[in-house]
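Only heavy atoms go into these numbers, but all of them, side chains included; no hydrogens, no water, no symmetry mates.
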Amino acid sequence: MKKLAYYVSLAITGLLMTACSEDFKDWAKQQTYGQEDAITIPGYTASAASATGIDLNAVEGEIVQLVSLNGGALPEGYSLSNVRMEIYPSELDGAQKTILNAVSSDGYFLKEDLQTAVVGYYGVRPTPRPFYAHVYVDAFKDGQAALIDAGEMNFELTPIAPTIEDVYYVTGNINGWKNDNTDYAVSNGGKDPYENPVYVVVIPAMSDGSNVEFKLTPKSGLGGDWSECIASDQQWGKFNYHNVGDNFVIPADGSAYYRVIFNMLDQTWEATPVPLIENAYYYVGAANGWGGQDYKMVNGGGDVYDDPVFTVTVPAQGGDHWFKIMPESAFSLGSIWDSPTVVGVYENGTSALEGMFIVDKNGNDQAGSGANAWCIKEGDNPADFYQITINMMNQTYTIKPIVIAAQYYVVGGVQGWSDKDKTCLFTPEGKNVLSYTTKWTGAWDLKVWDADGFGNWDVAWGCAVDGDNSPNGALINSGSQAISAPSAEYYTFTIDMNTQTYTWTKLDNQSPTEYESISLIGEFNGWGGDFDLEQVTPHNWYGVFTQESDGQLKYRANHDWSVNWGYGSDMEWNVTEEFNKIGTNGGGNIWVPAGTYAVYLNDITNSMLIVAQ
């Protein structure tokens, strides 16, 4: 104790010599004396009050002890006060310090100040966060003060925040109060819940016209005892995480569905009626001069409340692409812009490729003034087309840039629905127009994959209605279904990727010549010992072969020269320059450099394709 008095006395003496007759009552203010004035007292040090860190979620009351000061009692006449810390987040290089002032000399701090500090540096995620701190204390005697450096310490703080799960489920009178039921999932789309705490679900109204009542069951509590369910706080717009209070209640108002939004951090919620979903919607924007019904958005063809997802594909414009979406009813008005249910975005020029939209009157290009226009930034999303999808039930959208591929493949009933074998390659007919000719089954014959998407069913091109056997139709690649030929006969199936459409053309000759074999013959095998191809669909032949050195080759039928396929004069077709040609019987030899190739031939159309692997 004598040493403490000695050190403090020295400090005060030093301060008196430099400060002369200054008033020391305000000495504790940070701007009066810097850290260089502080003294250290042997044995007088600060340490974290809790070796395991402090979880602010578990702290009751408004204050919490963060610092423990060691060193025993002060000598007679001295007192300590104004405990304060300079803190830095240990995991954030270059962060500025924060000064925290204790509310008592034994190291208690306001919980609110600690929460503000940890959230300011790290955010609200309830994870222990490390800090480094330097602690200072004032020593007072007879109106004089000295600054004591109590040393450094490390501690951890966990901010106040609920534990938010990735998904919750509505449990209420719409599903018989079964808390193991997962029909109505409440989620934020799989994003980080502490960065995006807004969770959304669309639920139906009660068929008997009564109020909708429910609680939320977390994924971890499915089938449990209800104790972890989320309940209303008996106050519209608020809820709690401990099943204390009443059910959530949505008063019946004649709506068919409700969109319910929960902010899992603010613990607030709201429910709004889902607008009437119309049978059709139309793209209106840069691609059609902001008018007309050129680009109809289609769903699967069923009830729009069961299938509320509508899709359209429009050509890129070589620059920023502005658009809105109009309901079908808008086109019966004097001006489509008079519609009260335009589909757009809250902020004009929104360029995000996914998010939420609003249904409102036509906006006037100002945020908050109705449904405004999207703007796809072509420079950031180069594409030939954009596929636009809207979900009218939960009011979300996605925009998918599409780059037209050079090669497309048939996958379907005619080739066993294999997602591994690229045996059925379309023949190019023109710019982004391709065809495939064979005898089809007439039932769920095919979908289409491009070379990059092969094997991924999510991006397979098909039609909107499963098994559609119309003579022509629209191609979609979001939730696409299998296309059927009009009948079980020979057709040419043509796809036009410029317009995202397809057409069936029935062959006049339904009895084309049959061949026992189609093979390759050339310099690679000394013009003998044919390399046989496999007939993968009627009249379509395929194989993969390796040519050890540069050389010439041809296709021929039945291991005989009476029917053989080549092109032009010898070596006029070099497959390094173009992978497809239409062959002629007796045409010139084909020049093929050394390498491995997938080869195709259609003996009806004489299409030859040789694709380097």
Side-chain angles (χ1 to χ4, degrees), residues 1-12 15 27-30 32-92 95-122 126-141 144-161:
M1 284 188 278
K2 290 182 178 180
K3 286 185 178 181
L4 177 60
Y6 171 73
Y7 282 111
V8 174
S9 297
L10 284 179
I12 292 176
L15 291 174
W27 180 91
K29 292 183 178 179
Q30 188 69 23
T32 305
Y33 290 98
Q35 295 176 15
E36 65 274 8
D37 298 317
I39 64 169
T40 59
I41 306 297
Y44 193 82
T45 59
S47 61
S50 171
T52 59
I54 295 174
D55 183 350
L56 295 177
N57 295 279
V59 173
E60 297 182 2
E62 300 303 317
I63 61 174
V64 55
Q65 187 177 21
L66 184 60
V67 177
S68 177
L69 294 166
N70 307 316
L74 293 172
E76 184 178 353
Y78 287 96
S79 63
L80 296 181
S81 66
N82 196 23
V83 177
R84 57 199 177 277
M85 300 188 302
E86 294 178 350
I87 70 168
Y88 302 82
S90 302
E91 293 181 345
L92 301 177
Q96 298 296 310
K97 69 182 178 183
T98 294
I99 298 176
L100 296 176
N101 293 297
V103 296
S104 66
S105 60
D106 49 358
Y108 278 81
F109 290 78
L110 284 174
K111 181 169 65 174
E112 180 182 0
D113 290 347
L114 300 181
Q115 173 75 3
T116 299
V118 66
V119 170
Y121 286 123
Y122 290 109
T127 299
R129 300 298 191 178
F131 286 90
Y132 154 81
H134 207 130
V135 182
Y136 297 92
V137 185
D138 292 340
F140 287 90
K141 183 179 181 180
Q144 306 301 312
L147 177 61
I148 299 175
D149 182 345
E152 302 169 354
M153 65 178 234
N154 295 289
F155 64 94
E156 288 186 339
L157 281 179
T158 301
I160 299 171

Straight-line distance of Leu157 CG to Thr127 OG1, nearest 0.5 Å: 12.5 Å
Criterion side-chain contact (heavy atoms from CB on, under 4.5 Å) against Val83, the qualifying member of Leu66, Asn101, Leu69: Leu69
Closest approach of Ala48 to Met153 (non-hydrogen atoms, all atoms of both residues): N-SD, 3.7 Å
Minimal non-hydrogen separation, Gln65 against Asp106, with atom names: NE2-O, 2.9 Å
Backbone of Gly61 reached by a side-chain donor or acceptor of Lys111 within 3.5 Å: yes
Residue pair Phe140 / Ser81: nearest heavy atoms and the distance that separates them: CE1-OG, 3.1 Å
Aromatic ring pairing Phe131/Tyr122, orientation class (parallel under 30°, perpendicular over 60°, tilted between): perpendicular
Check: Leu80 and Ile148 side chains under 4.5 Å, non-hydrogen atoms: yes
Side chain proximity check, Ile87 to Phe155, heavy atoms < 4.5 angstrom: yes
Rounded distance (nearest 0.5 Å) linking atom CE of Met85 with atom CG of Asp113: 10.0 Å
Step-by-step side-chain contact (heavy atoms from CB on, under 4.5 Å) determination, Ile39 to Leu147: CA-CA 6 Å; Ile39 64 169; Leu147 177 61; over 6 Å; no
Minimum-distance pair of heavy atoms, taken over all atoms of Pro159 and Asn57: O-ND2, 2.8 Å
Closest non-hydrogen atom pair, Gly53 against Ser50: O-OG, 3.0 Å
Closest approach of Glu156 to Thr52 (non-hydrogen atoms, all atoms of both residues): OE1-O, 4.4 Å
Tyr132 and His134 aromatic ring geometry - parallel, tilted or perpendicular at 30°/60° bounds: perpendicular
Candidates Val135, Thr40, Val137, Thr45 - the one meeting side-chain contact (heavy atoms from CB on, under 4.5 Å) with Asp149: Thr40
Rounded distance [0.5 Å steps], OG1 in Thr158 versus CG in Leu114: 11.5 Å
Spacing of CD belonging to Glu152 relative to CD belonging to Glu86, to within rounding of 0.5 Å: 10.5 Å
